[in-house]
Structures are given as C-alpha cells and as structure tokens.
Amino acid sequence: MKIIKIQDLIHRYVRKDDDGKEIETIEAIAGVDLEVEKGQFIAVLGHNGSGKSSLAKHINGLLMPAEGTVYVKGMDTQSEADIWKIRQTAGIVLQNPDNQIVANIVEEDVAFGPENIGVPTEEIWERVAACLEEVGMTAYRMSSPNHLSGGQKQRVAIAGILAMEPDCIILDEPTAMLDPKGRQDVIKTVHRLNQEKGITIILITHKMEEVVEADRLFVMDHGKVVMSGTPTEVFARVDEMKGYGLEVPPAMELTYELRKEGLPLPEIIMTKEELVKELCQLS
C-alpha cells in the first residue's frame with residue numbers, strides 16, 4: 001500500500017525586492033515523482049539547495065505545489081478539508097528542535113499536538129507517557145526542555161509527533177545540529193519506531209552513515225531525483241555520487257580507493273566491521 005505518492009511535483013520560490021517586485025523565480029523542485037510504501041524506511045539525500053527540505057514540507061502540507069500533486073494516504077495535500085488529517089497522518093520533525101518545542105515542561109510539549117487535534121484529556125496523558133517511554137525520555141517528563149541536550153530535545157520533538165499517532169514521520173535533517181552521541185541516539189530511536197511500530201520513516205539528510213540500513217534511497221540535485229535504489233545500489237555508484245557533491249559511507253569510500261590500488265576486495269562493503277573482516281582475510 002502506498003502511503004505517499006508524488007506526481008510531477010514542481011515548487012517555485014519567488015524573490016522580491018523591497019518594493020515587492022519579483023526579481024527572481026527559483027524552481028526548488030523540478031518535476032519529482034516519488035512513491036513510498038507503508039512501513040518503509042526511505043531516505044532523501046542531497047547537498048544544500050538540492051530541494052530535499054522543500055520536498056519534506058510538501059509531504060506534510062507545509063508547502064503547496066505550484067504544479068503536480070502530493071497524496072498522503074490517498075489525500076491530496078491541496079485539499080483544505082483534508083489538510084489537518086494529512087498533518088496528523090504524516091508528522092514532521094524539524095532540523096532545529098527549538099523551533100518545534102513550544103512548552104516549558106517536557107510532558108506539556110508532548111501533549112500539545114494531541115490536544116490540538118481534540119484527543120480526550122485522559123487519553124492525551126496516556127499517549128504522553130507511552131511516547132516518552134518510546135523515545136527513552138520518561139525520566140525527563142517534568143524537566144524544562146531548556147535544560148536538555150540537543151539530542152534529548154530532538155527525542156522530545158519526536159515524542160510530540162508520535163503522540164499524534166501518525167502513520168508516517170518525516171525527519172528533516174534531524175541530526176544536523178547534534179553531536180555524535182545525539183545523532184546516534186536519534187537515528188537508533190527512529191529505526192526502532194520503524195521496525196517495532198511499523199511507522200513509515202522519511203529521513204531527509206546529507207549524512208551517508210545514517211542511511212545504510214534504509215529500504216530505499218532517493219538522491220536529489222537541482223530539484224530533481226537523479227538517483228534511486230537500495231543503499232547498496234546507490235552507494236556502488238561512487239563517482240556519480242561525488243559528481244552530485246555527495247560522499248558515500250566511509251567504509252565504502254575506503255573500499256573504493258583500496259580496490260583502485262589493486263586489493264581484491266568485494267565491490268560493496270557498507271560498514272567498517274565488514275571492511276576489517278575482509279582485510280583480515282587478506283593478511
């Protein structure tokens with residue numbers, strides 16, 4: 001079952017001068033077709049300005065197409081009657097959690113979403129407890145978000161989306177502002193939600209190591225999807241990825257260079273553990 005279906009999507013940003021006169025039109029998304037099956041973990045990759053964040057905002061209905069259509073569970077994001085149901089179905093977690101956290105106490109912040117969609121009070125607090133448990137933040141329930149680390153804030157933001165019981169979570173560069181431990185915690189949480197709860201995940205990122213276990217990758221450049229496939233299929237095209245200003249996972253990059261030097265290594269090695277094992281067998 002397709003939970004997301006995007007057809008011929010085009011989005012334009014119009015720049016205006018101080019007098020309100022249009023001076024430039026930028027086509028941020030230039031004819032994207034993309035489908036996501038329910039329960040998949042997909043990742044959208046691309047350098048800054050490639051259009052990936054604009055794409056994320058279209059899936060949640062924060063942006064509207066200039067042309068084309070975006071369907072979320074069969075609902076057109078341009079339908080005013082369905083927009084709130086769409087945002088409940090596909091919740092978005094932003095790059096900076098400070099832009100998403102609205103309350104002074106963690107539990108109140110997690111309660112904000114379900115309260116705004118009319119969930120009964122008793123059920124709200126049941127959801128808050130369950131969602132904080134899901135992201136490992138129960139101990140901080142009565143804390144101020146201001147006293148949390150970046151990774152902890154991001155997990156609170158995820159809990160707030162979870163409390164709305166979405167079928168899909170879109171994460172727009174969720175680890176960009178985090179230290180390595182925070183990045184690891186957030187990605188681990190997201191994978192667990194996908195594997196144990198069956199929540200569809202759409203991860204927008206430029207960090208290759210975060211997507212090696214995704215079901216499918218989409219690479220964007222200048223508003224277009226220029227590559228797609230499994231992580232193995234995409235990362236095997238090292239030169240092509242570099243041509244789009246992207247790297248491949250470190251183990252894959254090193255394998256690529258060692259193969260060029262003549263070492264008889266498999267073409268596809270995704271993790272450092274696999275690489276160490278293969279190198280030890282050569283000695």
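Below, all heavy atoms of this structure are taken into account, side chains as well, without hydrogens, waters or symmetry copies.
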Check: Are side-chain heavy atoms of His58 and Ile6 found at a separation under 4.5 Å?
Finding: no
Note to self: Check this for me: Glu273, atom CD, are more than 12 non-hydrogen atoms of other residues, nucleotides or ligands nearer than 6.0 Å?
What the structure shows: yes
Check: Which pair of heavy atoms, one from Gly31 and one from Ile10, lies closest together, and at what distance?
Finding: N-CG1, 3.5 Å
Checklist line | Test item: Asp221 side-chain N/O and Ser50 main-chain N/O as donor-acceptor pair under 3.5 Å | finding: no
Notebook entry, point to check: More than 12 foreign heavy atoms under 6.0 Å from CD of Glu80: is that the case here?
Noted result: no
Next item on the list: Could you give me the CA-CA distance, side-chain angles and deciding distance for Leu279 and Leu263, then say whether side chain to side chain contact (heavy atoms under 4.5 Å, CB included) is met?
Entry: CA-CA 9 Å; Leu279 289 172; Leu263 268 69; 4.0 Å; yes
Next item on the list: Could you tell me whether a side-chain N or O of Gln154 sits under 3.5 Å from a main-chain N or O of Pro174, the two making a donor and an acceptor?
Entry: yes
Checklist line | Gly39 backbone acceptor or donor facing Asn194 side chain under 3.5 Å | finding: yes
Checklist line | Minimum-distance pair of heavy atoms, taken over all atoms of Ala90 and Val72 | finding: CB-CG1, 4.1 Å
Next item on the list: Find the distance between CG (Leu193) and CD (Glu196) and round it off to the nearest 0.5 Å.
Entry: 8.0 Å
Next item on the list: Please list, chain by chain and in numerical order, all residues satisfying side chain to side chain contact (heavy atoms under 4.5 Å, CB included) with Pro249, sequence neighbours excluded.
Entry: Met208, Val212, Phe235, Met252
Check: Quick one: CZ on Phe41 to CG on Leu217, what's the gap to the nearest 0.5 Å?
Finding: 9.5 Å
Next item on the list: Give, for atom CD1 of Ile3 and atom CG of Asp167, the distance between the pair rounded to the nearest 0.5 Å.
Entry: 4.5 Å
Item checked: Close side-chain approach of Ile199 and Leu162, heavy atoms under 4.5 Å -> yes
Notebook entry, point to check: Listed by chain and number, what are the ring-ring contact (aromatic ring centres under 6.0 Å, His included) partners of Phe112, not counting sequence neighbours?
Noted result: none
Check: So Glu173 and His206, side chain to side chain contact (heavy atoms under 4.5 Å, CB included) or not? Walk me through it.
Finding: CA-CA 8 Å; Glu173 300 273 12; His206 62 271; 3.2 Å; yes
Check: If two hydrophobic side chains count as joined below 4.5 Å and joins carry through other members, does Leu203 share a cluster with Ile158?
Finding: yes
Next item on the list: Starting from the C-alpha separation in whole Å, work towards a yes-or-no answer on side chain to side chain contact (heavy atoms under 4.5 Å, CB included) for Glu274 and Lys277.
Entry: CA-CA 5 Å; Glu274 290 177 275; Lys277 181 179 178 181; 5.7 Å; no
Next item on the list: Compute whether any side-chain donor of one residue and acceptor of the other, for Ser53 and Asp172, lie under 3.5 angstrom apart.
Entry: yes
Check: How would you list, by chain and number, every residue that makes a side chain to side chain contact (heavy atoms under 4.5 Å, CB included) with Ala251, sequence neighbours excluded?
Finding: none
Checklist line | Contacts of Leu62 that satisfy side chain to side chain contact (heavy atoms under 4.5 Å, CB included) - sequence neighbours left out | finding: Lys57, Asn60, Arg87, Ile92
Next item on the list: For residues Ile42 and Phe218, determine if any side-chain heavy atom of one lies less than 4.5 Å from a side-chain heavy atom of the other.
Entry: yes
Checklist line | Passing candidate, side-chain contact (heavy atoms from CB on, under 4.5 Å) with Arg155, options Val190, Leu148, Val106, Val135 | finding: Val135
Next item on the list: Report yes if some heavy atom in the side chain of Pro264 is under 4.5 Å from a heavy atom in the side chain of Leu282; otherwise report no.
Entry: yes
Checklist line | Exceeds 12 heavy-atom contacts within 6.0 angstrom, atom CG of Asn116 | finding: yes
Margin query: Once rounded to the nearest 0.5 Å, what's the spacing between atom CD1 of Ile169 and atom OG1 of Thr200?
Written below: 9.5 Å
Notebook entry, point to check: Between Gly46 and Leu246, which heavy-atom pair has the shortest distance, and what is it?
Noted result: C-CD2, 3.8 Å
Next item on the list: Locate the shortest heavy-atom distance separating Ile124 from Ala111; write the atom from each residue and the value.
Entry: CG2-CB, 3.6 Å
Notebook entry, point to check: Quick one: are Met220 and Val32 in side-chain contact, heavy atoms under 4.5 Å?
Noted result: yes
Next item on the list: Among Ile, Leu, Val, Met, Phe, Trp and Tyr joined by side-chain contacts under 4.5 Å, find the other residues sharing a cluster with Met142 and list them by chain and number.
Entry: Ile105
Next item on the list: Output all residues satisfying side chain to side chain contact (heavy atoms under 4.5 Å, CB included) with Gln78, sequence neighbours left out; order by chain, then residue number.
Entry: Met64, Pro65, Thr69, Asp76
Next item on the list: Write down the atom of Arg237, the atom of Ser228, and the distance for their closest heavy-atom approach.
Entry: NH1-O, 4.4 Å
Notebook entry, point to check: For Tyr13 and Ser54, does a side-chain donor sit closer than 3.5 Å to a side-chain acceptor?
Noted result: yes
Check: Do His147 and Gln152 have side-chain N/O donor and acceptor atoms under 3.5 Å apart?
Finding: no
Checklist line | Spacing of CZ belonging to Arg183 relative to NZ belonging to Lys207, to within rounding of 0.5 Å | finding: 5.5 Å
Item checked: Glu253/Lys242 ion pair, N-O < 4.0 Å -> yes
Note to self: Would the distance check show the side chain of Gln100 and the main-chain N or O of Leu94 forming a donor-acceptor pair, the cut-off being under 3.5 Å?
What the structure shows: yes
Checklist line | Reported CD-to-CZ distance for the pair Glu165 and Arg127, which is rounded to 0.5 angstrom | finding: 3.5 Å
Next item on the list: Give a yes or no on whether the backbone of Asp8 and the side-chain of Asp33 come within a donor-acceptor separation of less than 3.5 Å.
Entry: yes
Next item on the list: Show your working on side chain to side chain contact (heavy atoms under 4.5 Å, CB included) between Arg141 and Val128 and close with a plain yes or no.
Entry: CA-CA 9 Å; Arg141 179 170 182 157; Val128 168; 4.1 Å; yes
Notebook entry, point to check: So do the side chains of Met241 and Met227 get within less than 4.5 Å of each other, counting heavy atoms only?
Noted result: yes
Margin query: Applying a strict under-4.5 Å side-chain criterion to I, L, V, M, F, W and Y, I'd like to know whether Val226 and Ile29 cluster together.
Written below: no
Item checked: Ring geometry between His47 and His222 (parallel below 30°, tilted from 30 to 60°, perpendicular above 60°) -> perpendicular
Margin query: If I compare all heavy atoms of Gly150 with all of Pro97, which pair ends up nearest, and what's the gap?
Written below: O-CG, 4.2 Å
Item checked: Leu55 with Tyr71, same ILVMFWY side-chain cluster at under 4.5 Å -> no
Next item on the list: Determine whether Ile59 and Val225 fall in the same hydrophobic cluster, where Ile, Leu, Val, Met, Phe, Trp and Tyr are linked whenever their side-chain heavy atoms lie under 4.5 Å apart.
Entry: yes
Checklist line | hydrophobic_cluster_shared for Ile86 and Leu171, side chain cutoff 4.5 Å | finding: no
